[in-house]
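Below, chains carry the letters A, B, ... as their sequence lines are ordered, and counting in each starts from 1. Values below: every heavy atom of this structure, side chains too, minus hydrogens, waters and symmetry copies.
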Amino acid sequence: MATLDLLGDWKRTQYAGDLRAGDADKDVVLMGWVHRRRDLGNIIFIDLRDRGGIAQIVFNKELAPAAHARAEELRAEYVMAVHGRVSRRQKPNPELASGEVEVFASELRILNTAKTPPFVVEDEVNASDETRLHYRYLDLRRSRPQRNIALRHRIFLEIRRTLDGLGFYEIETPMLTRSTPEGARDYLVPSRIHHGQFYALPQSPQMFKQLLMIAGLDRYFQIVRCFRDEDLRADRQPEFTQLDLEMSFPTQEAIFGVIEQVMVRACAAAGIEVKTPFRQMEYREAIGRYGIDKPDLRFGMELHEITENFAAAREKLHLEGSVHAVVAPGAAAFSRKQLDELGEQAKGLGARGLYTIKVTTEGASSPLEKTLGAAGVQNIVAAAGARAGDLIVAVSAAEQIPGTDAATLIAGQLRLALAERLNLVPKNRWEFLWLTGFPLFEWGLSEKRWVAAQHPFTGIREEDVHKLESAPQEVRSKGYDLVLNGSELGSGSIRIHSQELQARVFALLGLSEEQRRHRFGFFLDALTYGTPPHGGIALGLDRVVALLAGEKSIREVIAFAKTTAAQDLMMDAPAEVEPEQLEELGVAIRQSGG
RNA sequence: GGGGACGUAGUUCAGUUGGUUAGAACGCUGCCCUGUCACGGCAGAGGUCGCGGGUUCGAGUCCCGUCGUCCCCGCCA
């Protein structure tokens, strides 16, 4: 172990990674970590890493014997400060941003030693997620996480600047709040003062922001942590960050305009140029053309309904429901095995039948010829607009949920899977899309009643209000989703501000007067004191940053992320607490097993 | 709650049909080296094969259980 030096009165002059040719001949003081050392004997090269990047430091025994001797003690991840002179390199290193120059050290101070790290701190990930999360502070030293965190900062900054410029106030709302019955499972916090009672961490500040509109704050936003105790995914963490905003007296276009400005500047922070206005699409159209409510518009492969083409063979094929087809360009060469896998996948998605047609220059070939005849198959080829080399994939499925065409949704999933497999999803394309006209209600399979598709305060399109009681499944909401490249970034709505309309919605949801009082009493009260028309949106910022950073998982853009079992491997949370703490809270742990 | 993949040296992985002393690369330690930049050369250290049980003359390998990580469905705006 090396003895340590004091930092003394040394002041850093700049970041190592920021050194450029223009700094030549400058006297500099750099501080950072030993990224790599190359000890050639009488000359030692140290790659010094700090937040700005990497610079090469030269320790020459002849020129600076004391510094050179000290440098022999340096090891990976030691913390060092170096005083020296910047010099142009005879042989620049084009791999390094600072590669035009290097620093000839005159004095070295070793500020701290380091244990050999469990994995090498380098750009390419060479450790498992488990190890990385356990030693997150080392993982974060790598350039990619540093880039992601810097990008996250710049995006957040742009959001705040943009919204400030548009007259929004950033207002904080409580983290300790009240459990509300709808939506996700709550994280609960037991109350010490009120035994048997619990706070809930907010799933979102939904009601607070509406109350802020009632309070006359007019334009609110918040970059806020939200909590949902549900099972996790690559794009879901138990706590995540939303851009939450709400405005009074809005039109839908006004809200879209605000978010478009925010996204344009957020993208610019990532070096990505996007055009406004974003495309808009009705929910029905998205389902019909893409079989999904968050279509990826970076590629075509739109769906074709070909139910009619099967009319003559419905009995024979035991068809139920509709038939939808997707054309996979260039997939006519799929092997038997690949077709089988496709069939398995379709079955896994709930398809009743899967039919394929290979289109070649010699014509179409398909098992369907037996039932539909060559002409029948040819009609499908024409209907789907398939060309030589393509594979037509058609699925049928029985309707399980009233009003939902299962075959379309399955075809939509196959479209995504095929595009991925055929490498037809272009990189560096940014297809924003607003989805509108969502159904207000959806049939709850388990509840066996209509449930609010979003939350029960979502507004209703004026032209559909009269159908509320007579044809609830046809009622479209004033809700909207923002979609980017097939990922849902967020959703919002113009809210209901009329007590009369709100009462009709609650009635349809089967909530009695008493239940309404119990669940939403304070909020319904507030609505009666002069609520302005208002609306807003919430965006999942972790997803936004991950997409713009080109990361698959939002863990890569969260400094301290949790595992899919909602654990923090570094802190080892959650953890047991002292019996005294439980006692104070009036909480007893029941031994599990029952 | 369900399905799938994985778990072997500090790290990432290989390990045949169950068979002697469990390997590689990187990293680490020591020595040599004045232009390297993934430096190079020589030498060396390093293993509870996730954990528990079982089958077997014999288990990293087979079986059961369990724990952990990741991906997906359910769930979740």
Side-chain angles (χ1 to χ4, degrees), chain A residues 35-48 54-65 68 72 75-77 87 89-96 98-99 102 104 114-135 138-139 182-186 203-204 206 226-238 240 242 244 293-294 344-345 348-350 413 417 435 438 442 445-446 452-455 458 479-483 487-493 537-540 543 552-553 555 561-567 569 572:
Chain A
H35 184 66
R36 233 181 264 281
R37 87 193 149 101
R38 291 177 293 280
D39 185 346
L40 277 64
N42 287 332
I43 188 165
I44 298 171
F45 297 98
I46 297 291
D47 287 339
L48 172 65
I54 285 169
Q56 175 166 281
I57 317 296
V58 188
F59 292 92
N60 187 308
K61 193 171 191 176
E62 228 167 72
L63 300 176
H68 175 271
E72 285 181 328
R75 294 293 180 272
E77 302 306 319
S87 169
R89 292 209 212 179
Q90 292 185 337
K91 261 199 324 190
N93 180 356
E95 305 281 301
L96 229 51
S98 67
E102 60 194 351
F104 277 84
K115 286 204 324 200
T116 301
F119 52 88
V120 185
V121 177
E122 58 189 1
D123 290 359
E124 277 165 54
V125 186
N126 67 344
S128 66
D129 283 17
E130 200 172 347
T131 313
R132 291 177 56 207
L133 288 176
H134 193 262
Y135 297 96
L138 294 179
D139 187 46
E182 307 264 322
R185 211 174 279 124
D186 286 315
Q203 298 176 22
S204 81
Q206 180 62 37
C226 303
F227 305 85
R228 288 175 195 161
D229 189 2
E230 296 292 344
D231 289 346
L232 307 176
R233 291 282 193 286
D235 61 352
R236 279 194 237 152
Q237 284 273 301
F240 58 99
Q242 279 196 345
D244 193 51
D293 63 358
K294 45 179 183 178
E344 282 303 308
Q345 189 173 8
L349 292 165
Q413 293 300 316
L435 258 114
F438 287 90
E442 55 192 22
L445 274 182
S446 50
Q454 208 190 11
H455 53 70
T458 305
Y480 34 78
D481 276 8
L482 180 62
V483 174
S487 284
E488 185 205 309
L489 295 186
S491 67
S493 63
I537 193 167
L539 299 184
R543 285 185 194 176
K552 282 207 173 70
S553 167
R555 281 190 300 272
K562 292 184 177 63
T563 68
T564 49
Q567 284 185 299
L569 294 181
D572 198 18

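One N or O donor and one acceptor, one from the side chain of A/Arg89 and one from the base of B/C37, sit under 3.5 Å apart. One can find a donor-acceptor pair under 3.5 Å joining the base of B/G35 and the side-chain atoms of A/Glu102. At a cut-off of 3.5 angstrom, the base of B/C76 holds at least one donor-acceptor pair with the side chain of A/Arg236. In the interface, the side chain of A/Arg75 is not paired with the base of B/G27 through any donor and acceptor atom under 3.5 Å apart.
Atom CG in A/Leu48 sits roughly 14 Å away from atom C1' in B/C37 (whole-Å rounding). Note: CD (A/Glu130) to P (B/U8) measures 9 Å, nearest angstrom. Rounded to an integer number of Å, the gap from A/Ile54 CD1 to B/A38 P is 10 Å. Atom CD of A/Gln237 is separated from atom C1' of B/A77 by 16 Å (rounded to the nearest Å). The distance from atom NZ of A/Lys61 to atom C1' of B/U36 is 18 Å, rounded to the nearest whole Å. As rounded to whole Å, 9 Å separates atom P of B/G74 from atom CD of A/Gln413. Rounded to whole Å, the distance from NZ on A/Lys115 to C1' on B/U29 is 17 Å. One interatomic measurement links the two molecules: CG of A/Asn93 to P of B/G35, which rounds to 17 Å at whole-angstrom precision.
B/G18 sits 41 Å from B/U29 when the P atoms are compared, rounded to a whole Å. Rounded to whole Å, the separation between the P atoms of B/G52 and B/G60 comes to 13 Å. Rounded to whole Å, the separation between the P atoms of B/U21 and B/G58 comes to 15 Å. Comparing the P positions of B/C62 and B/G47 gives a spacing of 25 Å, expressed to the nearest Å. B/A5 and B/G44: their C1' atoms are spaced 37 Å apart (whole Å). When the C1' atom is used for both B/U8 and B/C49, the distance is 4 Å, rounded to whole Å. Distance check on atom P: B/C32 versus B/C26 gives 22 Å, rounded to whole Å. When the P atom is used for both B/C13 and B/C6, the distance is 12 Å, rounded to whole Å.
Among the atoms of the strands shown, none is found under 4.0 Å from any heavy atom of A/Asp229. Backbone-only engagement by A/Gln242 is indicated by non-hydrogen atom pairs under 4.0 Å involving sugar-phosphate atoms exclusively. Among the heavy atoms of the strands, none lies under 4.0 Å from A/Phe227. Looking at heavy-atom distances under 4.0 Å, A/Ala538 makes no contact with the nucleic acid at all. Among the heavy atoms of the strands, none lies under 4.0 Å from A/Gly492. Within the 4.0 angstrom heavy-atom criterion, only backbone atoms of the sugar-phosphate kind lie near A/Leu569; the bases stay farther away.
Using the Watson-Crick or G-U wobble rule with both distances under 3.5 Å, B/A77 pairs with nothing in any strand shown. Across all strands shown, the partner of B/C70 is B/G4, judged by Watson-Crick or G-U wobble contacts whose two distances both fall under 3.5 Å. Remark: B/A9 base-pairs with no nucleotide in the shown strands. Criterion, Watson-Crick or G-U wobble with two distances under 3.5 Å. Under the Watson-Crick or G-U wobble criterion, with both distances below 3.5 Å, B/G65 is paired with B/C51. The nucleotide B/G58 finds no pairing partner, because no Watson-Crick or G-U wobble arrangement with both distances shorter than 3.5 Å includes it. B/G40 is paired with B/C32 under the Watson-Crick or G-U wobble criterion, all donor-acceptor distances under 3.5 Å.
Here A/Arg555 reaches the OP1 or OP2 of B/C71: one of its side-chain N or O atoms lies under 4.0 Å away. At B/C70, one or more side-chain N or O atoms of A/Thr564 fall inside 4.0 Å of OP1 or OP2 (strictly under the cut-off). Listed pair A/Arg36 / B/U36 fails the phosphate criterion, with no side-chain N or O lying under 4.0 Å from OP1 or OP2. In this model, the phosphate group of B/C39 is not approached by any side-chain N or O of A/Arg37 to a distance below 4.0 Å at OP1 or OP2. For the pair A/Thr131 and B/U12, the criterion of a side-chain N or O lying under 4.0 Å from OP1 or OP2 is met. OP1 and OP2 of B/U34 both lie 4.0 Å or more from every side-chain N or O belonging to A/Arg38. For A/Thr563 and B/U69, the shortest distance from a side-chain N or O to OP1 or OP2 is below 4.0 Å. The phosphate of B/C37 (OP1 or OP2) has no side-chain N or O of A/Lys91 nearer than 4.0 angstrom. Between A/Gln567 and B/U69 there is a side-chain polar atom (N or O) within less than 4.0 angstrom of OP1 or OP2. A sub-4.0 Å separation between OP1 or OP2 of B/A77 and a side-chain N or O of A/Gln203 is present. Close to B/U34, at under 4.0 Å from its OP1 or OP2, lies a side-chain N or O of A/Asn42.
Nucleotides of RNA chain B nearest to A/Gln90 and A/Asp481 differ in position, and the one nearer the 5' end is that of A/Gln90.
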**Message:** Please determine whether side-chain contact (heavy atoms from CB on, under 4.5 Å) holds for the pair A/Ile44 and A/Glu72, giving the CA-CA distance in whole Å, both sets of side-chain angles, and the decisive distance to 0.1 Å.
**Reply:** CA-CA 8 Å; A/Ile44 298 171; A/Glu72 285 181 328; 3.6 Å; yes
Pair A/Asp47-A/Arg38, salt bridge (charged side-chain N to carboxylate O under 4.0 Å, His left out): steps then yes or no:
CA-CA 8 Å; A/Asp47 287 339; A/Arg38 291 177 293 280; 2.9 Å; yes
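Between the side chains of A/Ser204 and A/Gln242, no donor-acceptor pair is found at a separation under 3.5 Å. Looking at A/Glu62 and A/Asn42, their side chains never bring a donor and an acceptor atom within 3.5 Å of each other.
Annotation: side chain to side chain contact (heavy atoms under 4.5 Å, CB included) contacts of A/Asn93 (sequence neighbours excluded): A/Arg89, A/Glu95, A/Leu96.
Comparing B/C33, B/U69, B/A77 by their nearest atom to the side chain of A/Arg228 picks out B/A77. The A/Leu40 side chain lies nearest to B/U36 when the options are B/C71, B/U36, B/C70.
Each of A/Gln567, A/Gln237, A/Arg555 was evaluated against A/Lys562; a single residue qualifies, A/Gln237, per the side chain to side chain contact (heavy atoms under 4.5 Å, CB included) test.
The structure places OG1 of A/Thr563 at 12.0 Å from NE2 of A/His134, a figure rounded to the nearest 0.5 Å. Between A/Asp481 atom CG and A/Gln454 atom CD the span is 7.5 Å, to the nearest 0.5 Å.
Where stacking is scored as ring centres under 5.5 Å apart with planes under 30°, A/Phe45 registers as stacked on the base of B/U36.
In terms of heavy atoms, A/Pro117 sits closest to A/Glu77 at CG-CG, 3.9 Å.
Remark: the backbone N or O of A/Leu435 is not paired with any side-chain donor or acceptor of A/Tyr480 at under 3.5 angstrom.
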